[in-house]
Amino acid sequence: LFDHTNKKLKIIRDTRGTRSLFYANNEENFLFSSDQNAIIKRIEKVTLNKDKLIEFLNWDYKSNDETYFNEICRLEPSHFLTFSNNEMTSKSYSLSDDIFHTDMNKDVKETFKKTLYKSVIGMTNRKKRIGVMMSGGLDSSAIAISLKKNNYENVKTYSANFDHLRNNDGIDEMPYQKNVSKFTSYPHFFVQMKDKSPIEPIQHFTKALCQPLLFPNIYIFKEIADKLKKDKIEVILDGNDGDNTISHGFEVLFSYFIKLRFIKFTKEVYLYSKFVNGSFKKFLFLFLKEAIKEIFQVKKIENKNSILKKDLEIKKNPKNMISFFSSHRKKLSIDLHFQANEIRNEFFRYFKIENFSPFYDEELINFCISMPSENKFKNGLTRNILREFLLDFLPKNHAQRDKSILTPGLLSNFKDSDLKIFKSELRNINKHLIDVLDLEKLESILSKFKKEKKITEEELINIQVFISANVFLNHNNL
């Protein structure tokens with residue numbers, strides 16, 4: 001907002017950080033943009049923010065005004081910036097709960113449905129060509145159904161396809177995707193993932209987005225975005241963080257425990273173990289252990305998976321340290337959500353596609369936080385209100401399904417060609433990384449894959465983290 005009379009500029013960032021906003025203030029100019037590249041081109045020289053780099057290498061993120069460049073700042077979510085007479089101030093703001101108050105009447109399911117529909121309608125222009133990232137999971141299914149029930153017509157749905165892993169039932173989403181397509185009648189496109197490199201997109205988009213990326217499934221997004229572009233899609237919706245907005249509801253179990261309702265606690269754990277086809281004894285032990293840790297506030301703040309040298313002793317951001325039993329509100333407020341929102345939006349903006357996540361609507365979030373606990377977790381079922389909503393449109397085995405795991409697809413796609421990229425980056429390692437990385441750990445990952453042709457999720461993410469950091473530093477001459 002620009003006040004022409006008083007020559008005052010005000011820039012406001014949304015509460016969930018879904019839109020990036022960078023700025024730089026030097027003696028000559030005040031620069032701001034959603035694209036860091038636009039600012040860098042106007043700065044004579046940028047230098048590395050080493051603390052931010054180490055934070056990234058530790059698989060962590062702190063939401064503050066820092067970027068990876070000392071000369072460029074980031075406006076934090078829920079903040080506004082004022083610039084006038086060459087002076088700049090940044091302040092936080094909060095939204096009153098009264099703005100988003102929803103009457104919690106007896107029919108909670110109907111209120112949830114109306115609030116979800118309102119969110120989808122509010123974010124989606126009917127005149128534009130709309131795509132949905134539709135995995136077949138509960139959240140993306142709900143978004144596609146919401147569009148259909150509100151008479152959106154110009155819609156196509158997209159999903160990653162792992163036909164080459166047919167023996168792995170945990171990743172086969174096709175039956176669920178077909179369920180949604182049958183109800184909506186929207187054209188659905190299966191985007192093949194066979195032999196798609198999980199490493200090459202990390203290199204490319206690190207340069208394009210001008211920052212290191214902790215984005216393991218970026219290869220899936222890249223292939224789907226290419227298809228969206230080909231189909232001239234203008235807006236892409238996703239079900240991102242629907243699980244956190246609605247809540248898995250494990251905090252409900254903790255409330256039973258601290259209120260000494262041990263029979264209720266045990267019964268719900270038993271039903272949950274049946275739901276996920278797991279061992280009751282194993283889950284009972286797990287939840288009891290987590291409950292005790294929550295009571296005594298025991299938190300693990302070291303990251304043993306990190307490729308940083310051990311003597312650096314870097315602690316994780318406490319705000320990102322959540323447990324099974326962390327509160328609903330706390331799970332929605334971790335800094336890693338802000339980072340994911342920002343990167344996802346920048347990623348799709350690169351393809352000139354608008355991206356919206358309806359589950360990040362503030363009214364929907366406030367409703368879900370406030371709804372009765374049995375709507376979050378009941379009879380062993382997580383996200384109960386969403387499952388009840390979906391039962392009106394989809395088969396029971398879909399509405400009451402467990403979550404799929406994409407890790408097997410990620411690991412199976414790592415090939416010798418990706419290993420060559422890894423080796424090349426190691427040969428050209430940046431000076432800043434030599435000082436802070438455990439190079440023996442990286443070399444051991446390399447040797448192990450050469451010998452066994454297998455890789456773990458932790459190892460692959462560390463490869464991606466190293467490559468992204470190295471590409472970022474070398475590309476920007478840091």
Passing option when Phe280 is tested against Phe285, Tyr270, Tyr272, Phe275 for ring-ring contact (aromatic ring centres under 6.0 Å, His included): Tyr270
Of Val471, Val465, Ile218, the residue whose pairing with Ile202 passes side-chain contact (heavy atoms from CB on, under 4.5 Å): Ile218
Stepwise side chain to side chain donor-acceptor pair (under 3.5 Å) test for Thr15 and Glu362: CA-CA 8 Å; Thr15 55; Glu362 288 294 339; 2.4 Å; yes
Donor on one side chain, acceptor on other, Ser159 and Gln177, under 3.5 Å: yes
Test: Arg19 cationic atom under 6.0 Å from Phe348 six-membered ring centre, within 45° of axis: no
Under the side chain to side chain donor-acceptor pair (under 3.5 Å) test, residues paired with Glu294 that sit two or more places apart: Ser323
Sequence-distant partners of Lys196, side chain to side chain contact (heavy atoms under 4.5 Å, CB included), two or more places apart: Tyr219, Glu223, Asn413
Asn6 side chain to Lys8 backbone, donor-acceptor under 3.5 Å: no
Trp59 to Ile461 - nearest heavy-atom pair and separation: CZ2-CG2, 3.5 Å
Glu290 side chain reached by Phe250 side chain, heavy atoms, under 4.5 Å: no
Tyr93 side-chain N/O to Arg13 backbone N/O, donor-acceptor pair under 3.5 Å: yes
Backbone of Asp107 reached by a side-chain donor or acceptor of Thr111 within 3.5 Å: yes
Worked check of ring pair (Phe, Tyr, Trp, His ring centres under 6.0 Å) between Tyr68 and Phe472: CA-CA 10 Å; Tyr68 295 96; Phe472 168 76; 5.7 Å; yes
Validation row: Phe257, Phe287 side chains within 4.5 angstrom (heavy atoms): no
Sub-4.5 Å side-chain heavy-atom contact between Ile233 and Ile130: no
Whether Tyr350 and Phe205 hold their rings parallel, tilted or perpendicular, with breakpoints at 30° and 60°: perpendicular
Side-chain donor-acceptor pair present, Ser20, Glu346, cut-off under 3.5 Å: yes
Expected output: side-chain Ser370 to main-chain Asn366 donor-acceptor under 3.5 Å: yes
Side chain proximity check, Val120 to Leu147, heavy atoms < 4.5 angstrom: yes
Backbone N/O of Ser63 and side chain of Asp335: donor-acceptor pair under 3.5 Å: yes
Whether Phe2 and His4 hold their rings parallel, tilted or perpendicular, with breakpoints at 30° and 60°: perpendicular
Note, Tyr186 side chain near Val132 side chain (heavy atom, < 4.5 Å): no
Aromatic plane relationship, Phe30 with Tyr23 - under 30° parallel, 30 to 60° tilted, over 60° perpendicular: tilted
N/O donor to acceptor pairs below 3.5 angstrom from side-chain atoms of residues 379-394, sequence neighbours left out:
{"residue": "Thr382", "atom": "OG1", "partner": "Arg387", "partner atom": "NH2", "Å": "3.1"}
{"residue": "Arg383", "atom": "NH1", "partner": "Asp139", "partner atom": "OD1", "Å": "2.7"}
{"residue": "Arg383", "atom": "NH1", "partner": "Asp139", "partner atom": "OD2", "Å": "3.0"}
{"residue": "Asn384", "atom": "ND2", "partner": "Glu374", "partner atom": "O", "Å": "3.3"}
{"residue": "Asn384", "atom": "ND2", "partner": "Glu388", "partner atom": "OE2", "Å": "3.1"}
{"residue": "Arg387", "atom": "NE", "partner": "Thr382", "partner atom": "O", "Å": "2.5"}
{"residue": "Arg387", "atom": "NH1", "partner": "Ala399", "partner atom": "O", "Å": "3.1"}
{"residue": "Arg387", "atom": "NH1", "partner": "Arg401", "partner atom": "O", "Å": "2.8"}
{"residue": "Arg387", "atom": "NH2", "partner": "Arg401", "partner atom": "O", "Å": "3.4"}
{"residue": "Asp392", "atom": "OD1", "partner": "Lys109", "partner atom": "NZ", "Å": "3.1"}
{"residue": "Asp392", "atom": "OD2", "partner": "Lys109", "partner atom": "NZ", "Å": "2.9"}

Backbone N/O of His248 and side chain of Asp243: donor-acceptor pair under 3.5 Å: no
Polar contact flag, side-chain donor to acceptor under 3.5 angstrom, Ser357-Asp238: yes
Lys227 NZ/CZ over Tyr158 ring centroid, <6.0 Å and within 45° of normal: no
Lys156 versus His188, side-chain donor and acceptor atoms under 3.5 Å: no
Sidechain-backbone polar pair: Thr245 side chain, Ile365 backbone, donor-acceptor under 3.5 Å: no
Phe359 and Ile143, any side-chain heavy atoms less than 4.5 Å apart: yes
Quiz item: cation-pi between Arg126 and Tyr152, 6.0 Å / 45°: yes
Asp402: side chain to side chain donor-acceptor pair (under 3.5 Å) partners, not counting sequence neighbours: none
Using a 3.5 Å cut-off and no angle test, enumerate the donor-acceptor pairs between side-chain atoms of residues 73-83 and protein atoms at least two apart in sequence or in another chain.
{"residue": "Arg74", "atom": "NE", "partner": "Glu342", "partner atom": "OE1", "Å": "3.0"}
{"residue": "Arg74", "atom": "NE", "partner": "Glu342", "partner atom": "OE2", "Å": "3.1"}
{"residue": "Arg74", "atom": "NH1", "partner": "Glu66", "partner atom": "O", "Å": "2.7"}
{"residue": "Arg74", "atom": "NH2", "partner": "Glu342", "partner atom": "OE2", "Å": "2.8"}
{"residue": "His79", "atom": "ND1", "partner": "Pro77", "partner atom": "O", "Å": "2.9"}

Any side-chain donor near an acceptor of the partner, Asp60 and Asn320, under 3.5 Å: yes
N/O donor-acceptor pair under 3.5 Å between Ser33 side chain and Ile39 backbone: no
Close side-chain approach of Phe324 to Lys293, heavy-atom, < 4.5 Å: no
Ring-face cation of Lys230 near Phe189 (centre distance under 6.0 Å, axis angle within 45°): no
Partner set under side chain to side chain donor-acceptor pair (under 3.5 Å) for Lys128, not counting sequence neighbours: Glu354
